[in-house]
Amino acid sequence: MSDTVWEGVIEFTKWAQSKNTDPVLWAVELSSTLTSAAVSLPSTELSRRLVSHICWDNHVPITWKFLDAAISLNIVPPFLVLSLLSTRVFPKRHLHPSAFTLFLSLLKRHLLFSLSSSSNINSPNYPHIMESVHHALHLSDLDPEPGVVLVWFLFTILSWLLEASLDDEGLLEHKPTWLHHDDDDDDGDDVIMSEPENEALLRKNTGMTIELIALFLQNKLTSRILSLLHKNMPTHWETFVHQLQRLAANSLVLRSLKNVTPESLLSFTIKSDGLKLLSSQWKTTHKLELNAVMAAGAASQISCALQTHDDSWSLLWLPIDLILEDAMNGDHVAETSAVEVLTGLVKSLQAVNGTAWHNAFLGLWMAALRLVQRERDPSEGPVPRLDTCLCMLLCITTLVVANIIEEEEGELIVEAERSPTNQRKDKPALGERRGELVISLQLLGDYEGLLNPPQPVTWVANQAAAKAVMFVSGHAVGNGYLESMNVNDLPTNYSGNLWHLIVEACIARHLLDTSAYFWPGYVSAPCNQIPHSIPNHLPSWSSLMKGSPLTPPLVNVLAATPASSLAEMEKIFEFAINGSDEEKISAATILCGASLVRGWNVQEHIIFFMIKLLSPPVPPKYSGTESHLISYAPLLNVLLVGISPVDCVQIFSLHGAVPLLAAVLMPICEAFGSCLPNVSWTAATGEKLSCHAVFSNAFILLLRLWRFNHPPLDHVMGGAATPALGSQLGPEYLLLVRNCMLASFGKLPRFVVSSRRFSKMISFSTDPIFMDSFPKLNIWYRQHQECIASTRSALAPGGSVLQIVDALLSMMCKKISRSSQALTPTTSGSSTSSGSSLDDAMMKLKVPAWDILEAAPFVLDAALTACAHGRLSPRELATGLKDLADFLPATLGTIVSYLSAEVTRGIWKPAFMNGTDWPSPAANLSTVEQQIKKILAATGVDVPSLAIDGNAPATLPLPLAAFLSLTITYKLDKSAERYLILTGPSLITLAAGCPWPCMPIVGSLWAQKVKRWSDFFVFKASGTVFNHSRDAVVQLLNSCFTSTLGLGSSCIYNNGGVGALLGHGFGSHFSGGISPVAPGILYLRVYRSIRDVMFLTEEIVSLLMLSVRDIANGGLPKGESEKKLKKTKLGMRYGQVSLAASMTRVKHAALLGASFLWISGGSSLVQSLITETLPSLCLSAHGFEQDVLESGVVVAMLRGYAMACFVVFSGTFAWGIDSSSPASKRRPKVLGIHLDFLANALDGKVSLRCDSATWRAYVSGVMSLMVSCTPQWIEELDVGILKRVSKGLRQLNEEDLALRLLEIRGRSVMGEVAEMITQSRF
């Protein structure tokens, strides 16, 4: 375009200006002229010419009116005009106050309208216009994408308005940013003082500026656009907020305004989680109400439930109950910390339930309390009991809360360090969650029924209450005062309960302070009842801290009394590493005492101290040829024996210390297993201690840390890509977990705070450890795997192994009048042994333990073969196996693996359990059978094939019979406990895999031996049914759903709940025999024995859909007539159940199904659900319907909502809501596959056959839940897929949801989101 045209435009404008022409007529004439000259409108060049014409030679009101008319008639682009004016007006606003007034009016008139007008965004000139804005505002450092420029245009205008307001009142702390954009040279940058008549105008301008700031911040459109910058460029936004706070706090002009106050200026929130995140209104009435319930149902549900203490509120936290109960399974030792699992789970539930943190904490505390109450009167058995439950409540749960609080405060510290304002880094960062904890604990005090302490800890609870009473009364007493009290010294009305112990645990970890003692109702006893004549001279922890030596009486007291502080345990640890040999033994004894099982305030530190002591350093001047560990044998043995009880190992597991423990046990096994048994020591108990004994204790403990007796196929869980939640693969896997654990330690924000809790005396090497570091152990492990797989090679004639085999057989047959030659293994060829004497055999067995373990399988093969051929009686076989295990207890591991493998091979003839050759179960087998049927019937399982033929002889596979006979030869005392803990679960696992009724026979015989364990074995036998029948598993799951949801009853919502699912444990608590077992308890004890869990995905989905149907029918049995849909003042009703209540129960059903799916198969089942099962259901005509006669849009939408909840809940459990879990690394790939399927379906590339209402409800529900509950998932996904899904959502009229989806994705789509916002309906 030639300059002649533009010169003509300016001349025409000057003429119109001189004639005071009507601005609209001027604009119409100008538009016609430019159109004739082929100028594209709106014109960027015209904008520049007009602004240059006005500033400042023609700064008169009429020219501003011309500009206003040009914008209104779309002759010039408003964004560019306002940008050009800003760069000129802001620096000269004091010199030209009237121009600034006109500019503010123009800004107010056109900015909001221009942003909300889609014509500006859809204009062909829009990219060129925004490029011009980019240059006009000098945004060269930013992405020139039009949408991004649009965001920065708005933010720049707003920032300059704020700086101008501050500058006008002398409050600006830095040089105004607009000075860098001043292109006018005529007046410089000096501010010319205005005359008195202009002072009022300047003050008015400042007020108008502040009002415009408030307008833009509170307007839905502009605040939504600004939220993008808040999220994606927090540094710029934080600077802006700091300046805004300064204006609100100090501006005199602001205080003089009528329509804007400092409070209203700061009342806006540009936080994405504060905006409504669900989709726009649905077309139909059903859609409108369903969506409203999805948005508001959770909050009203929680509020109502908290007021009524309804069990439905507890169902929101049901997954916590299931995980806590699952951790009590003594057959399984998890390598993953329960603290980490629960931390991720609580964060996920808080997000998906949309609750405040105090509700999440309260749900956690109550679930842990229910666990303890279920163990108040448990049946006896070789499983973790009360001590493990109390550890979960008072230590693990407290650490979970600490993790969540410290995560927030760690993020605040990191954020403060990165902040440009950097406000007082030395000040402790206290987040909101710490206050939420206080609220939760105060609410917890109202649940008196759950807080009643079990009898063994009543005294401890009263002691905690007494401590609070003394503090409130002003008595300064230490722990020694309380330790010296006798239970009879305390008034009975101190009424200590579990609430007091929980509060003490939180105080010990600095989550609370002693102000908790002043909470209403916390102290109930009058202060005048405090005893004053308490003897304080008795030995106690306070005596130790005052310098008392470790005398035997003090050691006994400290071993029986839990420590209460880290300082006390550090004192003991100092003795263990620097004391005399006797003091080291005493310190180890104390560590293994009451402090380990009931030192809840310091338990995690004790575990780390013990692990550290199990790997003592090499002495500085050590020069021996054997391992330095040998000299520590007495100390190591005390620790090994102390860790061995079932509760102790489970406590190590809960703390996630199993990988660390395994890593320190391996070098002990390697060293002591390679040592000749020529040296002995005197143990603390006075007995002689050999290297074989130390090796056996370490080796058996190591075996218990993974499912060593299971073939590798069992660990894969039916072909899944990864093991189920908590399953363990072997020692290599434990070392891998250990290496990853130490490598990642300290890298999360919460470690900034939590590191303060750890003892400075503890440190672990982060160097990786591999199995190759332990050659002897590695060789044994390979042999063990061969044995389990029944691929053991034959024993070659001659050699040292054959000599050990002969010596072991001779030892085993010392009381048998047969020659040892008869027992020589058939695989050994012709032996040169002539049956040497027992003494000669024992001399030959003075070999390293690893050599004996290498020979043990051949010995067992020979013994079992001899028994099968009648050369050895069953009794002699059991005696021989017991002699072998007594000689080297570590051979129990080989006995278990060998006999398990032989049962699997199935080549041995059956053993008749007739009471003559083998023990007989006849005395109580029928009783056991009836009790099994009672348990199964109570859980809704009907398996007709369970009947045991009373006329048929009871038989077991010969290897199983031999294993059973060996186990019942052990006396049930403390010395044999650690061996039975190894063999017992293995026996049960082996019997459970054999044909029915092997397990009832085993249970009957063990119940005859130990009658008080009868309930335990009956329960285990009943679980065997599910190993043999998929139908039984499905029936049990169905019972779990119906009992939890209260379906099939007239009072559907008052029945069911957590209590119906998990009950009160199991045992003979009532007269008439064993009590019914809750279905959830039974499922949690049997699911690990299900060989192929992959079928569970479809079954759980099927049960979920059936539950949705029953919920929609009001819980009535199938076949009853459906009532018509009707409206009431309470909202939509389907049958007799309101839609809101139905959706709440559907959410509970989805939560239950997701919990079972995750627990049963881990992330592999969740992946299978999302990538395989769900697409198949969508492509099937009746995939979601469980009955072809089902109909109704409400039921169809409820199915979609249920599946949306089910998918998102399962994902949050498996992967977490953030990236703190290692499992989260696979999340983007799985979700990307699923969203690609959704995008293809929405775009019509995939032909769906499921109900359209179900599909729409699913898509809207799953994306709404992801947007509102798991935004970090969206941030990880590919931008292209998100854009496609967003486009599909807009086709479903879900414009707001489509916008939220991209809004979360971040900076990469900020421009597109801004443009979508301007075209959205607000």
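Side chains of I213 and S165 form a contact here, defined as non-hydrogen atoms less than 4.5 Å apart. Side chains of D68 and H110 form a contact here, defined as non-hydrogen atoms less than 4.5 Å apart. Inter-residue side-chain proximity for L104 and L161 is flagged as met; some heavy-atom pair is nearer than 4.5 Å.
Between W160 and F90, the closest heavy-atom pair is O-CE2, 3.4 Å. Between A1298 and S1286, the closest heavy-atom pair is O-OG, 3.1 Å. When all heavy atoms of L1297 and S1260 are compared, the closest pair comes out as CD2-O, 3.7 Å.
Under 3.5 Å, the side chains of N74 and S119 contain no donor-acceptor pair of N or O atoms. Checked by atom type, the side-chain pair N219/R224 shows no donor-acceptor distance below 3.5 Å. For the residue pair S1219 and Q1272, a side-chain donor N or O sits within less than 3.5 Å of a side-chain acceptor on the partner.
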Where do V133 and L150 land on the side chain to side chain contact (heavy atoms under 4.5 Å, CB included) test, with the steps shown first? CA-CA 8 Å; V133 172; L150 178 64; over 6 Å; no
Which is it for T63 and T13 under the side chain to side chain contact (heavy atoms under 4.5 Å, CB included) test, yes or no, and what are the steps along the way? CA-CA 8 Å; T63 56; T13 302; 5.5 Å; no
Carefully, step by step, assess T1318 and S116 under the rule side chain to side chain contact (heavy atoms under 4.5 Å, CB included). CA-CA 5 Å; T1318 62; S116 61; over 6 Å; no
R48/S132 under side chain to side chain donor-acceptor pair (under 3.5 Å): CA gap, chis, key distance, verdict: CA-CA 10 Å; R48 298 186 185 93; S132 300; 3.2 Å; yes
Under the side chain to side chain contact (heavy atoms under 4.5 Å, CB included) criterion, do Y126 and N122 qualify, and how do the steps go? CA-CA 7 Å; Y126 170 68; N122 297 327; over 6 Å; no
Side chain to side chain donor-acceptor pair (under 3.5 Å) between H59 and S98: does it pass, once the steps are laid out? CA-CA 9 Å; H59 159 46; S98 60; 3.1 Å; yes
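By the 4.0 Å N-to-carboxylate-O rule, R1290 lies too far from D1296 to be salt-bridged with it. Ion pairing of D168 with R93 is present here, as a side-chain N (NZ or NE/NH1/NH2) and a carboxylate O approach within less than 4.0 Å. A salt bridge does not link K108 with E211: none of the charged nitrogens is closer than 4.0 Å to a carboxylate oxygen. With salt bridges taken as basic N to acidic carboxylate O contacts below 4.0 Å, none links E1275 and R1305. The pair R49-E45 meets the salt-bridge criterion, since a charged nitrogen lies less than 4.0 angstrom from a carboxylate oxygen.
Every residue two or more places apart in sequence or in another chain that forms a ring-ring contact (aromatic ring centres under 6.0 Å, His included) with H236 is listed here: W152. Judged as a salt bridge (charged side-chain N to carboxylate O under 4.0 Å, His left out), and not counting sequence neighbours, the contacts of K1283 are E1312.
The structure places OG of S83 at 11.5 Å from NE2 of H134, a figure rounded to the nearest 0.5 Å.
Open room surrounds CZ on R1307; 12 or fewer heavy atoms of other groups in view lie less than 6.0 Å from it. More than 12 heavy-atom neighbours from other residues, nucleotides or ligands sit within 6.0 angstrom of CD on Q1291.
Ring geometry for F12 versus W15: interplanar angle under 30°, hence parallel rather than tilted (30 to 60°).
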